[in-house]
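Working notes, structure below.
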Amino acid sequence: DGLGDPVATVDSLVFRPVAVDRLGGGAADDSMFHVEWRPQPLPAAATMALTSYEDLGASEELADAVVWRAGGAEGAVSAEAVSARLAEALGVVQGLLADERFGTLPLVVVTRGAVAAGDGAADPVGAAVWGLVRSARSEHPGRFVLVDTDTDGPTAGPDESVLAAVLASGEPEVAVRGGTTFVPRLARVAATGGSDAPWGEGSVLVTGAFGGLGRQVARHLAERHGVRDLLLVSRRGPEAAGADELRAGLARFGATVTIAACDVADRDALAGLLDTKGADVSAVVHVAGVLDDGVVTSLTPERVDTVLRAKVNAALNLHELTAGRDLSAFVLFSSAAGVLGGAGQANYAAANSFLDALAAARRAQGLPATSLAWGMWAQESEMTDGLADADLRRMARGGVAPLATEEGLALLDAAVTTADAPAALVPLRLDAASLRAVAETDADGVPALLRGLVRTPARRAAAGG
């Protein structure tokens, strides 16, 4: 107790195994989340001097913060539009960080309709900007604030008093809708189902099929769900390492496997594939992706485009070229880096934030879509081979633990079978103990997005008697 006297003595402790079916819930209940925008009043606006990014070098007096109004959607969503907007955003971020005169001056990035707070789906192009800035913030804490508005006009947005209030609140991300402010918090999704996944009667197309996760997905579809027709696609196709072994393994489950070499980011090549070998495709699982990691100050538009090609270009091609088909499922493998931000992965985060918004846009059009912003899998893949022990320790301190393969596949099943599940989901294994430990020593040390999931236990000391 508070005086150091014992209150109980334990003579023995016995552990016994418990059947999983007696526990209730499981990975799908504990590890499926979505981003929920919650109303939150802002504090009274402090007196702050704000200057626009364009006027930054002209002022003699240093402002309290810089504002860059990135605007909103203009024209159709295209790979070219994403590339151009991200190149602009990268230039602004790097410009602020490169000039020592600005010290730790924060940059407020104002977008329009980039997040799905309130009614309507997010603009995928603006969502990509949010992903890039989130990762920049991971590398430079306190330097970047994101504000999204629904105000009409290409450069319109909240007035300076609202922006000053956002800065005073300490919230890194805020959406303004009709005068009400919202903040994002990760919330659990009550997952159901898992056995009757809607994979349809036709062929299931899997991109990136010969990477670590692609192989697991293909095997799971054949073994667990009895999918009998698989179209496995990668840039190397039959020449990919282990292609023959995977085909033979899937055949043992009764699956007919077609392996095709196709760069899905090449629209003409994909159209040709869908017209021939993919004529009966009834479901799509887009797993493919590449990395080109580097801190945000080292990135170039070309390095950003390298990552966009495998994720954004390919997803848009799949979206547009299958829009006229009666698909039963359209699943995009995204990454939690786009939601939480990932140090050294601004390009990758941007690409995956785009996927999440694209899925929501498809749903708004009445098309099937699920984007899964995965946390790290324990399963080795091209995406995790480059992670050093330091990276894994950093993620663990942030409360993120690896997903076992079985957990990940169960979450995939739950995602496509849960009724009324949001289009953009975050399957993520959180280490609640690590998050609580951070909260107990530094409440502000818990990322804002995760604060709705952490309850710090009250410490009580009883006086001895």
Side-chain angles (χ1 to χ4, degrees), residues 15 17-18 20 23-36 131 134-135 138-139 141 184-191 194 211-213 216-217 220 287 289 291 293 333-345 348-349 352 356 371-415 418 424-457:
F15 291 92
V18 178
V20 173
L23 295 177
D29 290 308
D30 296 334
S31 303
M32 188 74 82
F33 303 91
H34 74 113
V35 176
E36 181 178 273
R134 280 171 177 149
S135 285
S138 297
E139 298 173 25
R185 295 292 186 262
L186 216 58
R188 282 189 168 83
V189 174
L213 297 186
Q216 293 294 340
V217 169
H220 183 67
V287 183
L291 294 177
D293 289 354
F333 270 40
S334 175
S335 169
V339 178
L340 296 170
Q345 292 193 313
Y348 190 61
N352 286 295
D356 296 340
S371 184
L372 299 171
W374 293 105
M376 187 179 66
W377 286 53
Q379 166 73 39
E380 290 187 2
S381 71
E382 292 83 352
M383 300 300 168
T384 59
D385 284 347
L387 289 176
D389 289 341
D391 297 311
L392 299 177
R393 288 194 298 271
R394 173 178 53 79
M395 295 174 73
R397 287 195 301 272
V400 178
L403 283 167
T405 300
E406 294 77 10
E407 290 178 288
L409 295 173
L411 288 165
L412 170 62
D413 288 346
T418 296
L425 295 167
V426 187
L428 181 72
R429 187 175 182 187
L430 290 178
D431 182 348
S434 294
L435 287 174
R436 281 196 298 270
V438 172
E440 288 171 356
T441 57
D442 178 15
D444 293 334
V446 177
L449 193 67
L450 304 182
R451 289 174 190 166
L453 301 171
V454 181
R455 293 179 176 84
T456 307

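By convention here, the first residue in the shown sequence is residue 1.
A distance of 6.0 Å separates CG in Asp30 from CZ in Arg188, rounded to the nearest 0.5 Å. The CG atom of Leu411 lies 10.5 Å from the CZ atom of Arg429; values are rounded to the nearest 0.5 Å. Here Arg436 contributes atom CZ and Asp431 contributes atom CG; the two are 8.5 Å apart, rounded to the nearest 0.5 Å. With rounding to the nearest 0.5 Å, the separation of CD in Gln216 from CG in Leu412 is 11.5 Å. Atom CG of Leu453 and atom CG of Leu428 lie 9.0 Å apart (nearest 0.5 Å). Between the OG1 atom of Thr418 and the CG atom of Leu425 there is a distance of 8.0 Å, given to the nearest 0.5 Å.
Partners of His34 according to the ring pair (Phe, Tyr, Trp, His ring centres under 6.0 Å) rule, which considers only residues two or more places apart in sequence or in another chain, do not exist here. Listed by chain and residue number, Ser334, Ser371 satisfy the side chain to side chain donor-acceptor pair (under 3.5 Å) test with Asp356 (two or more places apart in sequence, or in another chain). Partners of Ala437 according to the side chain to side chain contact (heavy atoms under 4.5 Å, CB included) rule, which considers only residues two or more places apart in sequence or in another chain, do not exist here. Judged as a side chain to side chain donor-acceptor pair (under 3.5 Å), and not counting sequence neighbours, Glu139 has no contacts. Phe333 pairs by the ring pair (Phe, Tyr, Trp, His ring centres under 6.0 Å) definition with Trp374, not counting sequence neighbours.
The closest donor-acceptor contact from the side chain of Ser135 to the backbone of Gly342 lies under 3.5 Å. Remark: the backbone N or O of Ala448 is paired with a side-chain donor or acceptor of Arg185 at under 3.5 angstrom.
The minimum heavy-atom distance between Pro427 and Ala373, with the atom names listed, is CD-O, 3.5 Å. Taking both residues in full, the closest heavy atoms of Arg451 and Val446 are given as NE-O, 2.9 Å, listed atom of the first, atom of the second, then distance. Of all heavy-atom pairs between Gly445 and Val438, the closest is C-CG1, 3.7 Å. Across Gln345 and Ala337, no two heavy atoms sit closer than the pair OE1-CB, 3.9 Å.
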Worked verdict on Phe33 versus Leu430 for side-chain contact (heavy atoms from CB on, under 4.5 Å): CA-CA 10 Å; Phe33 303 91; Leu430 290 178; 3.8 Å; yes
